[in-house]
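First up is the structure itself, then whatever we jot down about it.
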Amino acid sequence: MATQVIVLNGGSSAGKSSLARHLQAVLPRPWLTFGVDSLIEAMPRSMQDTDGGIEFAPDGAVDVGPEFMALQAAWMEGIAATARAGAPVIIDDVFLGGGATQRRWRRALRGLDVLWVGVRCDAAVAAARETAREDRVPGMAEAQAGVVHEGVVYDLEVDTTHTGSPACAKIIAAHVTA
């Protein structure tokens, strides 16, 4: 069976979004990309900094509540439906719950051929990238660098610390079945 979904999981500023764009450029057919940042941007502002929604602490910690989880579950099912309808999909996510998040994705993506990719980056390097960006809470990269991988099982892992997104994309593309 041809790969229908590529899931990229890594901490903030690990390079997932750039990697997804480079994957789109090297894969032989068109792929759609959906990122968790777009999900958060699509949510009403009232969901931010509430117990039920998503809270960004000053130290970079991120906490999510039941309202966020419900919308995220619907988002996951929608992406899975898109792949089932025939559009190959790259998912750019941050598994704040580690293995528990992967289990939710596995349920949503059941029956689809999925390539699970861990995107690692040294915490200090990710933190330096984070500092250069204006859309991140300082501390997120370091807080997420390890925890997002806890209990997650991958088919493949790449490390963007010293290997650029174009090279990592080629490594991943070599594992995608046509």
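The shown structure was predicted, so the numbers you read here are calculated from the model rather than taken from an experiment.
Side-chain N or O atoms of E55 include none that pairs as donor or acceptor with a backbone N or O of V62 at under 3.5 Å. At least one donor-acceptor pair closer than 3.5 Å links the side chain of Q144 to the backbone N or O of S12. Between the side chain of Q48 and the main chain of G53, no donor-acceptor pair closer than 3.5 Å is present. Under the 3.5 Å distance criterion, the side-chain polar atoms of T160 are matched with a main-chain donor or acceptor of A14.
Remark: D37 pairs with R136 by the side-chain hydrogen bond (donor to acceptor under 3.5 Å, both in side chains) rule, at least two apart or across chains. When the side-chain contact (heavy atoms from CB on, under 4.5 Å) test is applied to L112, the partners found at least two apart in sequence or on another chain are Q4, V5, A80, A83, R84, L109, V114. Residues satisfying the salt bridge (Lys or Arg N to Asp or Glu O under 4.0 Å) test with E157, not counting sequence neighbours, are R120. Residues satisfying the side-chain contact (heavy atoms from CB on, under 4.5 Å) criterion with E150, sequence neighbours excluded, are V147. Residues meeting the side-chain contact (heavy atoms from CB on, under 4.5 Å) test with T163, sequence neighbours left out: A167, C168. With sequence neighbours excluded, the residues that form a salt bridge (Lys or Arg N to Asp or Glu O under 4.0 Å) with R133 are D135. Remark: W31 engages no residue in a ring pair (Phe, Tyr, Trp, His ring centres under 6.0 Å) (not counting sequence neighbours).
Note: the hydrophobic cluster containing V119 does not contain V125 (ILVMFWY, side chain heavy atoms under 4.5 Å, direct or indirect links). Under the 4.5 Å side-chain heavy-atom criterion for grouping Ile, Leu, Val, Met, Phe, Trp and Tyr, W116 is not connected to V158 through any hydrophobic cluster.
For the atom pair CD1 (I91) and CG (N9), the distance works out to 11.0 Å, reported to the nearest 0.5 Å. How far CZ of F34 is from CD1 of I79: 6.0 Å, rounded to the nearest 0.5 Å. The CD atom of Q72 sits 6.5 Å away from atom OG1 of T101, with the distance rounded to the nearest 0.5 Å. With rounding to the nearest 0.5 angstrom, the OG atom of S13 is 11.0 Å from the CD atom of E142.
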Given the rule in the side chain to side chain contact (heavy atoms under 4.5 Å, CB included) test, do T82 and L32 qualify, once you have shown the distances and angles that lead to the verdict?
-> CA-CA 9 Å; T82 299; L32 298 175; 3.8 Å; yes
So L115 and I172, side chain to side chain contact (heavy atoms under 4.5 Å, CB included) or not? Walk me through it.
-> CA-CA 9 Å; L115 179 65; I172 296 167; 3.9 Å; yes
From CA spacing to verdict: side chain to side chain contact (heavy atoms under 4.5 Å, CB included), L8, I90 = CA-CA 7 Å; L8 305 175; I90 301 166; 3.9 Å; yes
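Looking only at side-chain heavy atoms (C-beta outward), M47 and L71 come within less than 4.5 Å of each other.
Here salt bridge (charged side-chain N to carboxylate O under 4.0 Å, His left out) pairs that include residues 8-23, with residues two or more places apart or in two chains, number zero. Applying the salt bridge (charged side-chain N to carboxylate O under 4.0 Å, His left out) definition to pairs two or more places apart or across chains, none involves residues 91-106. Residue pairs meeting the ring-ring contact (aromatic ring centres under 6.0 Å, His included) criterion with at least one partner in residues 53-89, sequence neighbours excluded, are W75-W105. Pairs of residues two or more places apart, or lying in two chains, that qualify as side-chain hydrogen bond (donor to acceptor under 3.5 Å, both in side chains) and include a residue from residues 166-178 are T3-T177. Residue pairs meeting the ring-ring contact (aromatic ring centres under 6.0 Å, His included) criterion with at least one member in residues 126-160, sequence neighbours excluded, are H149-Y154.
Contact between C121 and A145 at its shortest, heavy atoms only, is O-CB, 4.4 Å. In this structure, M140 and G60 approach most closely via the heavy-atom pair CG-O, 3.2 Å. Across every non-hydrogen atom of P88 and R29, the tightest pair is CG-NH1, 3.7 Å.
The neighbour count for R45 CZ, taken as heavy atoms of other residues, nucleotides or ligands under 6.0 Å away, does not exceed 12.
In summary, the side chains of R129 and S18 do not present any donor paired with an acceptor at a separation below 3.5 Å, with no hydrogens or angles considered. Using modelled atom types, one finds a donor on one side chain and an acceptor on the other under 3.5 Å when comparing Q24 with T33.
Each of L156, L19, V89, L27 was scored for a side chain to side chain contact (heavy atoms under 4.5 Å, CB included) with I6, with one residue passing: L27.
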